[in-house]
Structures are given as C-alpha cells and as structure tokens.
Amino acid sequence: MEIAVIGGGAAGMTAALAARKCGGAVTIYEKNDRVGKKLLMTGNGKCNFTNLDFSCSYFRSDSCQDKEKQVFFDSFGVDDTLRFFEELGLLVKNKNGYLYPFCEQASAVLDLLRFACDRAGIKTLVRTEVKKLCKKGNKFFIEAKQTNGDKVDLVRIKEEAVFDRVVLACGSKAGPKGIASGSGYLLAASLGHHVITPVPALVQLRCKEVFFKQLAGVRSTCALTLYLDEKEIQKERGELQLTDYGISGIPVFQFSRYAAKALSEKRNVKVSIDFLPDFSKEEYSGIIHNRFERKKGEPAEEFFLGIANKKLLQLFFKLADLKPGEEIGESNRKKWEKVFSLLRKFDTQVTACNPFENAQVCAGGVSMGEVTKTLESTLVSGLFFAGELLDIDGRCGGYNLQWAWTSGHIAGENAVKGADV
Ligand SMILES: Cc1cc2nc3c(=O)[nH]c(=O)nc-3n(C[C@H](O)[C@H](O)[C@H](O)COP(=O)(O)OP(=O)(O)OC[C@H]3O[C@@H](n4cnc5c(N)ncnc54)[C@H](O)[C@@H]3O)c2cc1C
C-alpha cells in the first residue's frame with residue numbers, strides 16, 4: 001500500500017507515522033528544505049503542543065458542529081497525544097495545563113518526529129513541492145517540482161509517483177512567507193473540494209483611531225468584548241498589548257478570527273476594552289467616591305496616579321478635555337467622571353486584521369462537510385486530509401497542534417486501514 005503524505009508539518013509527520021505503523025509504505029513530500037519548519041516557531045520556540053483544559057468548543061469551524069468535532073477527539077484526544085509523545089520519548093512540562101517539551105525547545109518535538117519517521121523507514125522528499133495531484137482509476141498521480149539549490153527540475157508523472165492513497169496536509173497560508181503556503185487549497189480545489197475562503201486568525205487587529213501611536217507599548221490586564229454590527233459576540237480576558245496601529249495580545253488573538261471573517265464581509269467590527277476588569281460596578285463606584293472625598297483639589301495627574309498606565313491616562317485626559325494640571329472638583333465633575341468611565345469602557349473601531357504572515361493560523365479551509373469521520377474525502381475516495389488545511393481552527397493554547405496530532409493520526413491510520421486495494 002503506497003501512501004503519499006503531501007506536507008511535512010506537524011499533521012503530515014503524524015499521518016506518516018500512523019500510516020507506517022499500520023503497514024503502509026509512506027513517502028512525505030515537503031516543499032521546504034526541511035520538514036516541520038513551522039513547528040519550530042510555535043509557542044515562541046517552546047512549542048505549546050497541547051493543553052489539559054480541553055473542550056470541543058475551543059475549536060472553531062463554519063462547516064463542522066461541536067458534536068462532529070467530538071468524534072475526532074474521541075478517536076485521538078489529548079491522552080492519546082500524550083501517549084504518542086511519551087512513546088517517542090518526550091518529557092513533558094506542565095504550565096497550568098499548557099503542555100510543552102520539558103526542555104522548552106520546539107526543536108525537541110520536531111527532532112523526535114523526524115527521527116521516528118527515519119527509523120520507521122518513511123521516505124522524505126524535501127525541496128519537493130507537489131504541483132499537481134490527480135486520480136486515474138484507483139491510483140493517484142503526483143507531479144512535483146524539485147528544487148536543488150538554484151537548479152530546478154520538474155519531475156513529471158512517472159512510475160514511482162503513483163500512490164494508492166494520499167494524505168493532504170499542506171497547512172494554511174498563516175505564518176511567515178516561505179514557510180506558509182496556500183498550495184494545499186489549490187490541490188484540494190483541483191480535485192473538486194470546496195475551500196472556505198481562509199482569513200488570518202490568532203492575529204493582531206488594526207484600529208481606526210490615530211491616537212494608538214501614542215499608546216504603543218502599553219500592556220494591561222483587561223476584559224475585552226468583541227461586537228459585530230453592534231452585537232456582542234465574545235468576551236475575553238488577559239494581557240492586552242497596545243501597538244502603534246491597534247490591539248494585540250492573547251485576548252485579541254482569541255476572537256480575531258471572528259473579527260477577520262466579519263471584516264472580509266465588510267461588517268462593522270468594534271472592540272470595547274475594560275482596563276479595570278477586577279472591580280465590580282459597585283466596587284468601582286466606591287473607589288471613585290472615596291478617591292474624590294480624599295483627593296479632591298489635587299491636580300488631575302496626581303488624582304489619577306497609579307490607577308492605570310500613564311500613557312493611557314494622558315490620552316483619556318485629552319478625550320475628556322481635562323488638563324493634567326487641572327484641579328479635581330465639583331466644577332469639572334463631568335470631565336473626571338468621563339476619565340473614570342473610559343477606563344471601564346473604551347471603544348475602538350477595528351478596520352483590518354494583520355496579514356497572513358502575522359497570523360498563527362487561518363480560519364477557513366477545506367470544508368469539513370466534504371470529509372468523513374475518518375477524514376477521507378467524500379468526493380475522491382482514498383484522498384484524506386489533515387491539519388490546518390481543513391476548516392478547523394483552535395483557540396490559542398496548544399489547540400491547533402492538538403488538531404494537527406488528532407487529524408494527522410486519524411487520516412494516516414485510515415489511509416491504510418480503510419483501504420480496499
Ligand atoms: C508563530 C506561530 C506560533 C504558533 N504557536 C503555536 C503553539 O504554540 N501551539 C499550537 O498549538 N499552535 C501554534 N501555532 C499553529 C501551528 O503551528 C499550526 O496549527 C500547525 O503547525 C499546523 O500543522 P500542519 O501540519 O497542518 O501545517 P504546517 O505545519 O504548516 O505544515 C504544512 C507543511 O506542508 C508543506 N507544503 C505545503 N504545500 C506543499 C506542497 N504543495 N508540496 C509539498 N509540501 C507542501 C509546508 O511547507 C509545510 O511544511 C503557531 C503558528 C505560528 C505561525
């Protein structure tokens with residue numbers, strides 16, 4: 001049983017190992033000069049490869065419901081992932097449920113996968129980009145471009161590029177140029193698959209207001225609410241990072257896929273920021289009241305000192321028309337009350353998300369409506385999909401790699417097991 005795995009990333013290598021374990025003869029095609037380049041970048045080079053806090057609702061898709069996703073994770077979930085890596089020899093570090101290799105080097109995860117592929121006798125063709133994939137009868141034919149330094153050879157269809165089964169695991173357009181690729185979408189589409197237009201996800205958002213330039217560098221633990229066409233969509237909490245163009249940080253990443261999709265549909269996207277999320281409404285009223293009683297008469301900059309980042313306060317003074325040296329009193333109550341209210345509800349208009357090269361993943365991809373529970377195409381038998389190429393994207397926190405391990409395992413195993421040749 002000859003199996004081709006197109007794409008030597010996290011999902012592709014997992015698929016290759018699963019297929020080999022089931023007795024398939026496996027060839028990985030990888031366009032880069034080495035496999036797993038994106039894996040090396042994950043978790044800031046530390047590789048947050050899964051998470052003990054698990055729910056299907058942490059995975060988003062336009063073409064797959066939670067109930068359907070559950071089937072995949074029932075088949076190969078977090079425990080299976082831990083067993084898989086334990087068998088490969090990985091020592092794991094647990095940081096509040098976020099799991100990393102103990103040495104906190106992504107290269108350890110990649111090397112374990114690479115060595116396992118080599119040991120299993122999996123053939124790996126690097127610098128080999130699949131340009132064309134077609135099926136004739138019950139065989140798949142692959143046409144690939146091999147690059148050797150500056151020399152480019154076109155390897156045309158020939159005997160050894162014929163396969164019984166194919167796993168497409170080409171990843172998405174997200175990530176730095178040269179590492180990410182959209183070619184998997186084209187290969188899938190060439191075989192009749194519907195690709196839900198990918199947009200960047202786990203990505204920074206750009207905002208309309210010019211004052212962001214003066215806020216660059218501010219970091220603050222906040223509660224953020226995403227509104228699409230004035231409707232509340234999602235709340236997130238965590239460290240917000242303000243940049244010269246807008247907003248970044250984990251809480252922004254978590255809802256960025258909804259913002260990116262809405263922006264691509266020309267909808268109105270707003271984010272409301274609460275810079276003091278730890279206080280209830282009542283507590284905050286008490287703080288305001290006490291502060292006024294104790295500190296009235298002080299200049300504004302002294303009155304507000306320590307409540308929030310100085311850069312923020314300077315902006316909010318400006319927006320409330322309050323001079324930093326102005327004494328706080330009854331006469332300017334409206335102005336200082338506005339500063340207090342901006343600290344709890346600061347609305348910003350989102351105009352764009354950063355491009356694919358800044359994104360960690362894509363929302364969209366090959367429709368889950370066109371694959372079975374074993375991730376086999378419903379249109380082309382013997383064609384399987386794995387990884388980010390599919391229309392499933394996870395929250396930040398190790399979930400996207402979990403999807404790569406889950407889908408890679410299912411696709412690789414079933415490419416051999418489910419075969420009738
Ligand atoms: C900066 C960054 C940090 C991240 N951090 C985390 C994290 O900490 N935790 C987490 O869970 N997720 C993280 N992710 C997301 C995670 O890396 C991806 O979801 C995951 O790597 C997807 O695996 P994949 O195998 O589907 O795709 P990829 O890893 O992208 O692999 C696809 C492979 O296919 C190859 N390829 C594409 N087209 C062809 C072709 N036509 N022929 C031959 N080869 C081809 C590509 O070169 C690539 O090597 C991060 C992503 C980025 C960009």
Side-chain angles (χ1 to χ4, degrees), residues 4-16 27-51 58-59 78 81 95 98-101 104 106 109-110 113-114 124-133 142-147 155 166-188 190 200-204 250 253 354 356-363 365-366 375 385-409 411-412:
V5 174
I6 306 178
M13 282 186 282
T14 312
T27 305
I28 296 177
Y29 285 82
E30 170 53 54
K31 75 174 175 58
N32 286 327
D33 57 354
R34 55 177 299 185
V35 292
K37 274 195 162 177
K38 196 185 269 184
L39 198 51
L40 289 177
M41 306 173 63
T42 58
N44 283 326
K46 295 179 179 177
C47 187
N48 171 206
F49 71 95
T50 188
N51 201 311
Y58 297 165
F59 298 83
V78 176
T81 300
K95 292 184 173 181
Y98 293 68
L99 302 188
Y100 295 83
E104 297 190 43
V109 177
L110 173 57
L113 290 166
R114 274 195 318 122
T124 304
L125 302 172
V126 292
R127 291 199 180 99
T128 309
E129 181 174 7
V130 173
K131 290 291 196 186
K132 204 170 156 192
L133 172 65
I142 281 179
E143 192 175 343
K145 187 180 86 181
Q146 274 187 326
T147 319
V155 182
V166 170
V167 178
L168 257 190
C170 300
S172 75
K173 285 165 111 173
K177 281 201 176 106
I179 290 185
S181 156
S183 69
Y185 305 127
L186 301 177
L187 293 172
S190 74
L202 301 189
V203 71
Q204 307 84 359
I250 306 286
F253 283 11
N354 263 351
F356 287 108
E357 53 191 291
N358 296 103
Q360 289 194 6
V361 291
C362 279
V366 173
L375 295 175
F385 294 94
E388 228 191 284
L389 176 63
L390 286 159
D391 173 37
I392 286 198
D393 53 287
R395 281 172 68 85
C396 199
Y399 301 104
N400 286 295
L401 282 176
Q402 180 56 57
W403 174 239
W405 317 131
T406 293
S407 56
H409 186 89

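Sequential numbering from 1 along the given sequence is applied to the chain's residues. Keep in mind that this is a model prediction, so the values were computed, not measured. Order of appearance sets the numbers: ligands from 1, and atoms from 1 within every ligand.
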At a 4.0 Å threshold, what atoms of ligand 1 neighbour a non-hydrogen atom of [X]?
| X | answer |
| --- | --- |
| Leu401 | 9 (N), 10 (C), 11 (O), 12 (N), 20 (C), 21 (O) |
| Val361 | 15 (C), 19 (O) |
| Gly398 | 9 (N), 10 (C), 11 (O) |
| Ser181 | 37 (C), 38 (N) |
| Lys38 | 17 (O), 21 (O), 29 (O), 30 (O) |
| Gly387 | 26 (O) |
| Ser183 | 38 (N), 39 (C), 40 (C), 41 (N) |
| Asn32 | 47 (O) |

task = Might you point out which heavy atoms bring Lys31 and Ser181 nearest each other, and give the distance in Å?
result =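 Smallest heavy-atom distance, with atoms named: CE-CB, 3.2 Å.
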Any donor-acceptor pair under 3.5 Å linking the side chain of [X] with the backbone of [Y]?
| X | Y | result |
| --- | --- | --- |
| Trp405 | Thr81 | no |
| Glu129 | Gln146 | no |
| Thr128 | Val126 | yes |
| Ser407 | Gly387 | yes |
| Asn48 | Gly398 | yes |
| Lys38 | Ala174 | yes |

Is the closest heavy-atom distance from [X] to ligand 1 below 4.0 Å?
| X | result |
| --- | --- |
| Ala10 | yes |
| Ala169 | yes |
| Thr14 | no |
| Leu39 | no |
| Met41 | yes |

How far is [atom] from its nearest protein heavy atom, and which residue and atom is that?
| atom | value |
| --- | --- |
| atom 35 (C) of ligand 1 | Glu30 OE1, 3.3 Å |
| atom 18 (C) of ligand 1 | Glu388 OE1, 3.0 Å |
| atom 9 (N) of ligand 1 | Asn48 O, 2.9 Å |
| atom 2 (C) of ligand 1 | Gln360 CG, 3.8 Å |
| atom 37 (C) of ligand 1 | Cys170 O, 3.3 Å |
| atom 5 (N) of ligand 1 | Gly43 N, 3.1 Å |
| atom 34 (O) of ligand 1 | Gly7 CA, 3.1 Å |
| atom 27 (O) of ligand 1 | Gly171 CA, 3.3 Å |

query = After noting the C-alpha distance and the side-chain angles of Leu113 and Leu39, does the key distance pass the side chain to side chain contact (heavy atoms under 4.5 Å, CB included) rule?
reply = CA-CA 11 Å; Leu113 290 166; Leu39 198 51; 3.9 Å; yes
inquiry  = Working note: Leu389 + Tyr185, criterion side chain to side chain contact (heavy atoms under 4.5 Å, CB included); need CA distance, chi angles, decisive distance, verdict.
reply    = CA-CA 7 Å; Leu389 176 63; Tyr185 305 127; 3.6 Å; yes
Can you figure out which of [options] has its heavy atom closest to [atom]?
| atom | options | answer |
| --- | --- | --- |
| atom 14 (N) of ligand 1 | Ile179, Thr42, Leu187 | Thr42 |
| atom 42 (N) of ligand 1 | Leu133, Val130, Leu168 | Val130 |
| atom 29 (O) of ligand 1 | Gly9, Gly182, Gly184, Ser407 | Gly9 |

Between [X] and ligand 1, which part of the residue brings a heavy atom under 4.0 Å of the ligand: side chain, backbone, both or neither?
| X | value |
| --- | --- |
| Tyr399 | backbone |
| Thr128 | backbone |
| Ala11 | both |
| Ala180 | neither |

query = Does any N or O atom in Gly175 lie less than 3.5 angstrom from one in ligand 1, N or O only?
reply =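 No.
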key: Heteroatom proximity flag, Gln402 to ligand 1, N/O under 3.5 Å   =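 No, no N or O pair falls under 3.5 Å.
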Are [X] and [Y] close enough that some pair of their side-chain heavy atoms sits under 4.5 Å apart?
| X | Y | value |
| --- | --- | --- |
| Tyr29 | Val5 | no |
| Asp33 | Lys37 | yes |
| Phe253 | Gln204 | yes |
| Cys47 | Leu401 | yes |

inquiry  = Any salt bridge linking Lys131 with Glu143? Criterion: basic side-chain nitrogen under 4.0 Å from a carboxylate oxygen.
reply    =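 Judged by the 4.0 Å cut-off on N to carboxylate O distance, Lys131 and Glu143 do not form a salt bridge.
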task = Would you sort out whether Leu187 and Leu168 count as a side chain to side chain contact (heavy atoms under 4.5 Å, CB included), showing the intermediate values?
result = CA-CA 8 Å; Leu187 293 172; Leu168 257 190; 3.9 Å; yes
Lys95 NZ/CZ over Tyr100 ring centroid, <6.0 Å and within 45° of normal = yes
message = Checking Asp393 against Asn400 for the side chain to side chain contact (heavy atoms under 4.5 Å, CB included) test, could you report, in this order, the C-alpha distance in whole Å, the side-chain angles of both residues, the deciding distance, and whether it holds?
response = CA-CA 6 Å; Asp393 53 287; Asn400 286 295; 4.3 Å; yes
